[in-house]
Undergrad: 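Got a structure here, written out as structure tokens. Questions coming.
In what follows, chains are A, B, ... by sequence order, proteins preceding strands, each numbered from 1.
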Amino acid sequence: MFGPLTSKPGSSQANKTGSWRMGKKPKFLQKNCIACKMCILVCPENCVLGGEKNTYHCDYVYCKGCGLCAEICPKADIMMIEEGEQ
Amino acid sequence: MKKFLEGSRAVAEAIRLCKPGVISAYPITPQTHIVEELAQMVANGELKAEFVNVESEHSAASCVLGASATGVRSYTASSSQGILLMGEVLFNIAGMRLPVILTCANRAVSAPINIWNDQQDSVSMRDTGWIQLYVENNQEAVDFHFIAYRLAEDKSILLPVMVCMDGFILTHGIESVDIPEGEKVDKFLPAYQLPYKLDVENPLTLGPLVGPDYYMETRYAIQQTMKDALGVLPKLAKEFKEIFGRDYQDLLVEEYQVKGAKKVIVAMGSVCGTIKEVVDQMRAKGKKIGLLKIMCFRPFPYERVYQALKDVPKVAVLDKALSLGAQAPLAEEIKVACWGKKKAPKIISSFVAGLGGRDITAESIKEIYRRLNQKEVSLDFIDLKPELLKEKYG
Ligand code: SF4
Ligand code: SF4
């Protein structure tokens, strides 16, 4: 008999890591963004989306609130805010 | 072909015939000769395998884990502290359902440091999810490795198997052993095929993180598979007998003069040879005694043990390991097997002997049979030296 044993690539989509956030979430201000894409590269959940300047945002279903995007943004255009804030 | 071989050499010959693709080990007494021989065979080109030298047993176990996961038959061996250092990885190998084979050359564990034989090392690993087989002599040591690979790689099982052989007594003991022809082994043990494997062309993850919603099923599955293994072993014994001619009964237990016996000792490993000797001597004098040898300790064959012991009035269990602060490990299982059963033995006494290599002589065995005349012994040590003990240090 076998239980869950292996997983295929992409299966992390099944894990809604948004539930891991412990009080803080990133807010993409979309004011001084230079489209350097660092936030996309650094996000461990691969959940930052965006193309042109000031279009970057994240998918809160998967964002686990690690804060790496806010930390790396050269323009301080991402802020960690309280879960309940907008 | 019959050969006069050291136990370690005989096991190395058996492993060569199993054709592993990767061997990784770190030398430790008394396992050393096994892996030394294998390294020599690889260097001589007699065995086409990768022998990976590592810096510790933790790495050796990790190495065979990885190799097995890529679909290569893998082998390792260790003893004592080495087995303990592997411990974390042993749980992983079983959890990832990888059919690795490990020979445990049984040795006492530190402290105090002691290189001689008892079975504390492998018995301490009884909860890892590894199947554990214990051998009595070097012929079994050879044959049980073929059986171990067949069982481990059975598509319905896919669990690692530890073949436990008493250090020095067997690993360094020289006996006449039949090393079978390669074709016979090939017939019994087909090429390794794992239904899941690490492959860059077809990527998958083995052993991923699972949350509370998945974990319990992985343990349940192993628990059930362990029970299934109890059914596979007798079939393998039958098939083994057809090809190799040697009869291992059901590969769970061996009943030696148990029928009609008034007193039976239950034991596992090489001490069973000594017990058989005593049984023969005392049977010749008309004493109705016997031996129940446990070959498979994990999974534990509870029902089979009860069937063997149900008409025996007095049973003694001989452990070469302890669970400090609790009952002796094998005695515990025997009591569970008989607990609440109608025809359970009246007395199940528990004795510990042979720790750290103290000889278990014929006289020690006779002492155990004698003590079955008294009331039940919950746990006592045989051949203990009280003169070495004191209540206060200094
Ligand atoms: S907080 Fe972490 S997980 Fe969320 S978007 Fe930023 S980098 Fe990604
Ligand atoms: S790191 Fe900051 S500046 Fe760079 S793309 Fe992301 S939001 Fe824009």
Side-chain angles (χ1 to χ4, degrees), chain A residues 1-28 37-51 56-73 78-86, chain B residues 65-66 68-71 91-100 129 131 151-160 193-232 298-299:
Chain A
M1 184 183 281
F2 294 86
L5 186 63
T6 62
S7 55
K8 289 275 185 191
S11 63
S12 59
Q13 280 176 350
N15 296 317
K16 309 275 190 275
T17 40
S19 66
W20 294 16
R21 286 199 303 277
M22 307 259 297
K24 299 253 186 201
K25 64 179 183 185
K27 181 177 183 185
F28 289 72
K37 290 190 166 30
M38 286 306 287
C39 49
I40 290 186
L41 286 172
V42 82
C43 174
E45 290 305 322
N46 201 16
C47 70
V48 178
L49 309 155
Y56 290 75
H57 60 284
C58 75
D59 184 341
Y60 288 117
V61 173
Y62 295 101
C63 167
K64 62 187 178 190
C66 68
L68 287 174
C69 52
E71 183 69 26
I72 205 152
C73 177
I78 308 172
M79 259 174 69
M80 294 307 285
I81 61 170
E82 293 300 322
E83 192 63 56
E85 287 178 47
Q86 286 299 316
Chain B
L65 180 158
S68 183
T70 59
F91 275 91
N92 277 323
I93 292 172
M96 291 163 79
R97 307 295 296 268
L98 296 171
V100 171
I131 290 166
L151 176 64
E153 294 173 9
D154 188 296
K155 293 277 186 296
S156 70
I157 303 296
L158 291 165
L159 280 173
Q193 272 182 335
L194 194 62
Y196 38 84
K197 61 173 184 175
L198 299 182
D199 174 5
V200 283
E201 300 298 328
N202 188 15
L204 61 76
T205 304
L206 260 171
L209 173 83
V210 298
D213 37 359
Y214 290 105
Y215 184 82
M216 201 142 88
E217 286 68 24
T218 68
R219 310 312 282 174
Y220 179 86
I222 295 177
Q223 180 73 359
Q224 291 303 313
T225 305
M226 280 280 183
K227 285 186 198 156
D228 297 344
L230 291 175
V232 175
R298 283 294 179 273

Undergrad: With a 4.5 angstrom heavy-atom cut-off, which part of B:Met96 approaches chain A: side chain, backbone, both or neither?
TA: backbone

Undergrad: Of the non-hydrogen atoms in B:Ile157 and A:Phe2, which two are nearest, and what is the gap between them?
TA: O-CZ, 4.2 Å

Undergrad: Taking donor and acceptor roles from the modelled atom types, list the N and O pairs under 3.5 Å across chain B and chain A.
TA:
from	atom 1	to	atom 2	distance (Å)
B:Arg97	NH1	A:Met1	O	2.8
B:Arg97	NH2	A:Met1	O	3.1
B:Asn202	OD1	A:Lys8	NZ	3.2
B:Thr205	N	A:Ser7	O	2.7
B:Thr205	O	A:Ser7	N	2.9
B:Thr225	OG1	A:Met1	N	3.0
B:Thr225	OG1	A:Met1	O	2.9

Undergrad: I need the minimum non-hydrogen distance between A:Leu5 and B:Pro208, along with the two atoms involved.
TA: O-CD, 3.7 Å

